[in-house]
Amino acid sequence: MKYYFDESGNWQEIQNENRNLVIGGVLIKDENHHIELSEEFKWFMAENRLKHIHMNELEEIQREELLKIILKYLKDGKIKSLLYVTNPKYLYSKTTLSADDIYIGLATELISNIAFGDENIEIEYDMKFHYAYPVNILEEIDVKKEYDEFTKMSKNFVLNLKNIEKIQNRIKTNLLRGRVLNVEQYLDRLNDKKFLSRYLWEEFRLKVQKGALLREAFLEKSKTKLETKYKKFGIDKDIKIKIDYRGKHIQSAGVGVIDVLTNIVRYNGSTPKKHVSQTTKDIFSYIKVKEMKND
Amino acid sequence: MTKLNLKGTTFNDKIIYPKIDDIHILIDKENTILPVGIYNELKNKLKENLKLNDEIEFSLISKDLEELMKNDVKIDFRDSIDEIYKVILDELNNKTINLQHESLKRVKELYDNRKIDDAIEIFKTIEIDTLSKFEFEEYKLLEFKLFDDKKKFFDGYKALFERNHTKLKELYFVYLKYLEDIRDDKRPKKLIENIEEEFFNIEQEFNRDEKAIFYYLRGRNFYARGEFLDALRDFKKSLEYCSNEKLLASIYNSATNSFTDNLFFDEAFFMANKAFEIRKKLKLSEKSDSLSLIGGIYLKRKNFKKAYETFKEVEEITDKKDNRIYNYLVKSTIMLGFYNKAKEYLNIAKKYDDRLGFTILAEMFLIYKTQNYEKLFDYAKENFLITDKKSSFDKVVLGWGYFLLAQKASQDEKYLDSYKFLNSSIEYFLIDKYILEAYYAYLKIDKDNEYSEYFLNINKEYNLKGEFDEYIKKHSSISIEYKDTFGFSSSKSNNLENFEQNLDNYFLI
């Protein structure tokens, strides 16, 4: 069976997030339904001259039209959705884990709930593993690296001085927000172009290399969680999980739906607000939203 | 503490049979887990059967069960009511089944944990004479569960394998052929993979005849999924072991389409003709299938008159009662411009089952040729676009059906409709790896309209050109590669290199 996952909110910097964090999945049992839905999404995009469907970028009337399409599929039982919503402050106060670890924990829990009972699990995920947090970057910055493609490319890298102020500001903000010890010494070094270059390269290296590792770990953890559940309940299944990581630029209809649903849950929480449209309210009666607060 | 076997439905609507082994029954405690109706029914049953004066209050406690329910599993308590009742009764009487026989006890445990292989291993060592009367009953029950549990196909086969290896092989082929005949495109592949992994080492355990049949059937399965190269590789292997002419004809017959679909028409004609000649010589009724293949090659070559004549001949000699030949006759008469004749054949085709949708496609083609977009769309709305019907349709039917809609919509300047249907057409073609057809559909449709940006993006989105180039690279050499295997003279090239320039030469629509 095919499953589509997405998130909403700043999962990478939980400490700086004030609104709800949401993670959700949609399942579409019949591939014909997915193709029908794709048809409707493509029509919607072409009719509205859109390149992608990003809930935040749509006009009110377009949003309503899109929500009606999704509601129709939910009502007909062609798609089902399960979402977790949580308050970032709650999450952050309860754990010493990194944001990636928290995210992976919740996402794999969600997968193991929504896909429980299945053995051939195909997942499309619009996921943004980060890992390149200031603390991690600073840890790596002075470590001598093997001469690899990254080092080779970094030798030819020239810092674009036009943007230097913008870069300095971005890194400064990240450092200040990033629980960095003795942050002052690093703030001083931001005027050093060599340090700045090293910082940018380490950030890039971590994004690429650790991103790949996190993806592997994510797949493994999802599988293990399901296997443990099956074992616990004496269910004999040989699980196969395939995860296809997709960005919104190559958005499938399934990921499109869950992008919309995570957005409305982020705004509303686990129940719809009073002033939202009837379509939004109706959508809430067909999706399952769990508030993560007591675990 | 007692075990309980339950039935449940997961969030994704899968049925599961979880085993809960931390069930406790607390007397005089308030019920929190069981639905009220079930709870009351159990209470009444207890009162009646235990001849109690008052109703008994009890609570079923289980962390695992709670966890399942928290995981959005809907437990079918109704299905398990007798088992729950037994658990409560056991708890009340403080009585559990006490098997004295150690091996039997172990088998039961292993079976409960779904370790079927291990259970069978120990089960086989039990001597019936050592069992008490009660244990013998348990023994028979376990035997039934271990060997005749049809709930899971593989468990059944595993058990059978332990008992009768030859029988397993026999059944395996029958089952594979059965699944192939009903065109279940998922199970045979899984079955082949699992059989190879779990039961047989094909090269070592199959004799020459079995290998010939195995590779032939596997080749057909590969072909059904559009994996022509794998199919041909297996047909070649099958030929190496083949020692009877009937199978030889089947191999040639099945391998024909790998050449027809890749537009190697001379090679395909040679193959189909050879199959036809053998079947004719052996007086096999399947000769009509081979003749039908020849008709199909004429159709693809756009020799419609010859195609029609061949299909008429098939109609005369075939003893098959299905719609296939009439669908072909519809197609060839449409291409000859005899639309009334096409309607006649269509009416005959409609008398037969059309689970795969080929007759519906033929009718859509006729409407496409003779009427406007509105009529085609109305027909499609009734017969083609309905999900329940569509789910059994062959992917190639869906691919072409949507393409007909896309083309007609475009001719009627309904470009948004055209764009939407073209996407679906390509999606369905690609599912079964009809790369040529998908790329053709994209190239053929009119993209020079107000939505051209969206139409042009389809190529990028599905990487059609990339898929096409890779396909050509892989498939353009099959004629040379297999000329010695099948004995034809290679035409070396199928002109697919000029595909983009000579689109009208390739397909009928």
Sequence neighbours left out, what passes side-chain hydrogen bond (donor to acceptor under 3.5 Å, both in side chains) with Asp118(A)? Give chain and number order. Tyr3(A)
Is the shortest heavy-atom distance from the side chain of Asn423(B) to the side chain of Ser38(A) under 4.5 Å? no
Under 4.5 Å from any heavy atom of chain B, what part of Leu82(A) do you find: side chain, backbone, both or neither? both
Find the distance between OH (Tyr454(B)) and CH2 (Trp43(A)) and round it off to the nearest 0.5 Å. 13.5 Å
Count the heavy atoms belonging to other residues, nucleotides or ligands that lie under 6.0 Å from NZ of Lys273(A), then report whether that count exceeds 12. yes
Heaviest contributor of heavy-atom pairs below 4.5 Å to chain B, chosen from Lys288(A), His33(A), Arg49(A), is Arg49(A)
Go through the atoms of Ile16(B) and report whether side chain, backbone, both or neither lie under 4.5 Å from a heavy atom of chain A. side chain
Go through the atoms of Phe393(B) and report whether side chain, backbone, both or neither lie under 4.5 Å from a heavy atom of chain A. neither
Once salt bridge (charged side-chain N to carboxylate O under 4.0 Å, His left out) is applied, what residue pairs with a partner in residues 58-84 of chain A remain, sequence neighbours excluded? Glu36(A)-Lys78(A), Glu40(A)-Lys72(A), Lys80(A)-Asp13(B)
Name the region of Glu453(B), side chain, backbone, both or neither, that has any atom closer than 4.5 Å to a heavy atom of chain A. side chain
Apply salt bridge (charged side-chain N to carboxylate O under 4.0 Å, His left out) to residues Glu119(A) and Lys14(B) and explain how you reach the verdict. CA-CA 10 Å; Glu119(A) 49 196 332; Lys14(B) 296 262 178 193; over 6 Å; no
Only one of Glu39(A), Lys42(A), Glu47(A) forms a side chain to side chain contact (heavy atoms under 4.5 Å, CB included) with Tyr419(B), so which one is it? Lys42(A)
Which residue out of Ile35(A), Asp30(A), Leu27(A), Ile114(A) racks up the most heavy-atom pairs below 4.5 Å with chain B? Ile35(A)
In Å and rounded to the nearest 0.5 Å, what is the CG to CZ distance from Asp64(B) to Phe233(A)? 5.0 Å
Salt bridge (charged side-chain N to carboxylate O under 4.0 Å, His left out) between Lys229(A) and Glu67(B): does it pass, once the steps are laid out? CA-CA 10 Å; Lys229(A) 269 191 195 174; Glu67(B) 189 188 324; 5.7 Å; no
Counting only heavy atoms from other residues, nucleotides and ligands, does the tally under 6.0 Å from CD of Glu109(B) exceed 12? yes
What I want to check is whether the side chains of Asn32(A) and Tyr428(B) have a donor and an acceptor closer together than 3.5 Å. yes
Return the option, out of Asn5(B), Thr9(B), Ile15(B), Asp417(B), with the maximum number of heavy-atom pairs under 4.5 Å with chain A. Asp417(B)
Would you mind checking which part of Leu385(B) comes under 4.5 Å of any heavy atom in chain A, side chain (CB onward), backbone (N, CA, C, O), both or neither? backbone
Cut-off 4.5 Å, heavy atoms of chain A, and the answer for Ile431(B) is side chain
In terms of heavy-atom contacts, does NZ of Lys74(B) have more than 12 from other residues, nucleotides or ligands at under 6.0 Å? no
Determine yes or no for a side-chain-to-main-chain donor-acceptor pair under 3.5 angstrom, with Thr10(B) supplying the side chain and Phe116(A) the backbone. yes
Using non-hydrogen atoms only, which part of Asn71(B) is less than 4.5 Å away from chain A: side chain, backbone, both, or neither? both
Determine whether more than 12 heavy atoms belonging to other residues, nucleotides or ligands lie under 6.0 Å from atom NZ of Lys281(A). yes
Per-residue contact mode, Tyr462(B) against chain A (heavy atom under 4.5 angstrom): side chain
My understanding is that only one of Lys395(B), Glu427(B), Lys390(B) makes a side chain to side chain contact (heavy atoms under 4.5 Å, CB included) with Glu31(A); could you say which? Lys395(B)
Full working for salt bridge (charged side-chain N to carboxylate O under 4.0 Å, His left out) between Lys290(A) and Asp72(B): CA-CA 11 Å; Lys290(A) 285 189 178 179; Asp72(B) 301 292; 3.1 Å; yes
